Novice: 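Here you go, one structure.
Every number for a ligand or one of its atoms is a count from 1 in the order of the listing. Nothing here was measured: the structure is a model prediction, and the numbers come from that model. FYI, side chains are in, hydrogens and waters are out, and symmetry mates aren't considered; it's all heavy atoms of this structure.
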Amino acid sequence: MTFKDLEIIEPILKALRAEGYTHPTPIQEQSIPILLRGKDLLGCAQTGTGKTAAFAIPILQHLYFDRQQDNGPRKIKALIVTPTRELAIQIGDSFSAYGKYTGIRNTVIFGGVKQGAQTQALRRGVDVLVATPGRLLDLMDQGFITLKHVKYSVLDEADHMLDMGFIHDIRKIIAKLPSDRQSLFFSATMPPDIVALSHKILGNPEKVTVKPQQATTELVEQAVYFVGKKDKTKLLIHLLETEEADSTLVFSRTKHGSDKIVKLLARAGIKAEAIHGNKSQGARQRALGNFKDGRTNVLVATDIAARGIDVSELSLVINYNLPNVPETYVHRIGRTGRAKASGVALSFCDMEERAYLKTIQKLINQRIPIVEEHPYIDDGKEEASKGANSQRAHHKPRSANSGNRNGGNDHWKNRRSNSRKGR
Ligand code: AMP
């Protein structure tokens, strides 16, 4: 199955090629035909499955045809409501990327920042609005936004919305939407309150469920290193030197941080390149090309820049920083273990990141094995590993391997040497 088989128009196909997408993911394969037919959709899927493109592509295609009929002043025709600023920005970026040859314009609004730039963008006219609930209602109340022209609405991560207490806001927003519209509703889980909410929003929806991302994380061999901030680069160099992975993707929280890592690796004689938002599109593509062709073995990326990286032979992901949004972890480690191959994800965790580790483990419902022997163990290790061990005592290990504290890492070495033999 290709995107062309899904009857996607050429301007969008061209953008997908530029993103390096070759084949639709399962949720895209299932949802796009339903959405192109104009049906409502109830999608049970998590971030990391490709669900953004699953709704963005058909919406862009509808809007493209709508604008051929009526290219008057732009009105908000598509509304995507999502719980967090990070998701809103990612969704906006996706609409920009997939829609870059369609002439469809989007903007993103969220709270916690001044509204001036957002209201200016709205005044210039947009077809697609991506919003978090609070700021959306606020700008509606102030008269900057009307939803009366909306033909396509998406409620994204509905379970998170409810967890974050947005239910009243959501109800108010829905009340302002025209009844004649196509509605999409996505949630990773479907407890009764979510099902009830979906009934309020959707007509007679088609349902699509894709395997939760957890299944993918279980394919990935994971391990965590407790390490002080100042020793992270040394540990990274140590791992890159000893583990001999063919292709390693290192995630850094900041753009500046990724440049610094590349510089320090170069000093140690390790060739690496960085990709992040401050690099030109050309520089990013060159770095990605070098990485894919094996000219560079190590790529250091920020989360946003890493979107769309699809390297089938990626053997190792290193989280130089643990992400504060747990879904991002799932996203990152899903970079390896693709195409049914299992990969390895190693995470560095300093004292400040211990809380992130907890929320990640809760989300993936797995304990990540701790590597107890390495040259740069953090001073605070005793205290934190005591907590983790006592938790582990109540937790039945998934396998002999995950019960072994550094089993993940050894296992990985074995697998790596096996896979090298196989080449
Ligand atoms: P999402 O679940 O929408 O957050 O998407 C997860 C990641 O997969 C994002 O980084 C997308 O850029 C990427 N992605 C989405 N669809 C595809 C595809 N068909 N091929 C390759 N990567 C994709």
Side-chain angles (χ1 to χ4, degrees), residues 1-6 8 12-33 35 41 43-60 80 82-100 106 108 130 154-160 184 186-188 208-217 220 249 251 275-277 281 284-285 288 292 299 301-314 317 323 325-341 343 363:
M1 172 76 71
T2 63
F3 283 108
K4 206 168 177 183
D5 298 331
L6 294 174
I8 293 166
I12 299 177
L13 288 176
K14 188 174 165 190
L16 296 176
R17 283 195 295 272
E19 287 297 297
Y21 295 4
T22 51
H23 293 89
T25 65
I27 191 160
Q28 292 161 5
E29 206 172 302
Q30 294 174 59
S31 308
I32 291 174
L35 295 173
L41 181 85
C44 189
Q46 284 186 337
T47 293
T49 52
K51 75 175 155 69
T52 314
F55 66 74
I57 292 170
I59 289 177
L60 283 163
I80 292 87
T82 191
T84 65
R85 163 198 174 126
E86 286 77 14
L87 275 167
I89 293 171
Q90 277 181 32
I91 294 170
D93 286 348
S94 298
F95 270 94
S96 301
Y98 312 144
K100 72 175 161 195
N106 77 79
V108 180
V130 185
V154 181
L155 188 67
D156 188 34
E157 308 242 331
D159 47 358
H160 273 160
L184 288 63
F186 288 94
S187 187
V208 169
T209 301
V210 294
K211 239 183 9 191
Q213 188 70 17
Q214 254 148 270
T216 314
T217 65
V220 178
L249 181 57
F251 280 98
I275 56 166
H276 54 65
Q281 187 63 21
R284 279 202 247 176
Q285 265 162 359
L288 197 53
K292 281 186 176 169
L299 192 67
T302 55
D303 288 298
I304 293 291
R307 297 171 76 248
I309 295 182
D310 197 10
V311 183
S312 53
E313 299 249 334
L314 185 59
V317 164
V325 178
E327 283 81 5
T328 305
Y329 176 83
V330 176
H331 226 125
R332 289 180 180 184
I333 75 164
R335 300 281 162 202
T336 178
R338 277 201 176 170
K340 299 192 185 75
L363 176 77

Novice: Need the ligand 1 atom indices (1-based, order shown) with element for anything under 4.0 Å from a heavy-atom of Thr52.
Specialist: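 Selected atoms, number and element: 1 (P), 3 (O), 4 (O).
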Novice: For the 3.5 Å polar cut-off, considering only N or O atoms, please tell me whether Gln28 and ligand 1 meet it.
Specialist: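 Looking only at distances, the answer is yes, because the N/O contact criterion of under 3.5 Å is met.
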Novice: Under 3.5 Å, N or O to N or O, is Ala53 touching ligand 1 that way?
Specialist: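 Between Ala53 and ligand 1 (N or O atoms, distance only) the closest approach is not under 3.5 Å.
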Novice: Is it the case that the side chain of Thr209 and the backbone of Cys44 share a donor-acceptor pair, with hydrogens and angles ignored and the cut-off at 3.5 Å?
Specialist: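 Checking the backbone N and O of Cys44 against the side chain of Thr209, no donor-acceptor pair under 3.5 Å is found.
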Novice: Quick one: which of Phe3, Phe186, Tyr21, Phe55 has a heavy atom closest to atom 13 (C) of ligand 1?
Specialist: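 Looking at heavy atoms only, Tyr21 sits closest to atom 13 (C) of ligand 1.
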Novice: OG1 of Thr328 to CD of Gln90: how many Å apart, nearest 0.5 Å?
Specialist: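 It is 6.5 Å, given to the nearest 0.5 Å.
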Novice: Answer with yes or no after comparing the ring centroid distance for Phe3 and Tyr98 against a 6.0 Å cut-off, counting only values under it.
Specialist: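 That pair fails the under 6.0 Å test.
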Novice: Mind checking side chain to side chain donor-acceptor pair (under 3.5 Å) for Ser96 and listing every partner two or more places apart, or none if nothing turns up?
Specialist: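 Ser96: side chain to side chain donor-acceptor pair (under 3.5 Å) contacts with Asn106.
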Novice: Heavy-atom contacts under 4.0 Å between His23 and ligand 1: side chain, backbone, both, or neither?
Specialist: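 For His23, only backbone atoms sit under 4.0 Å from ligand 1.
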Novice: Can you name the side chain to side chain donor-acceptor pair (under 3.5 Å) partners of Arg17, sequence neighbours left out?
Specialist: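 Once residues adjacent in sequence are excluded, the partners of Arg17 under the side chain to side chain donor-acceptor pair (under 3.5 Å) criterion are Glu10.
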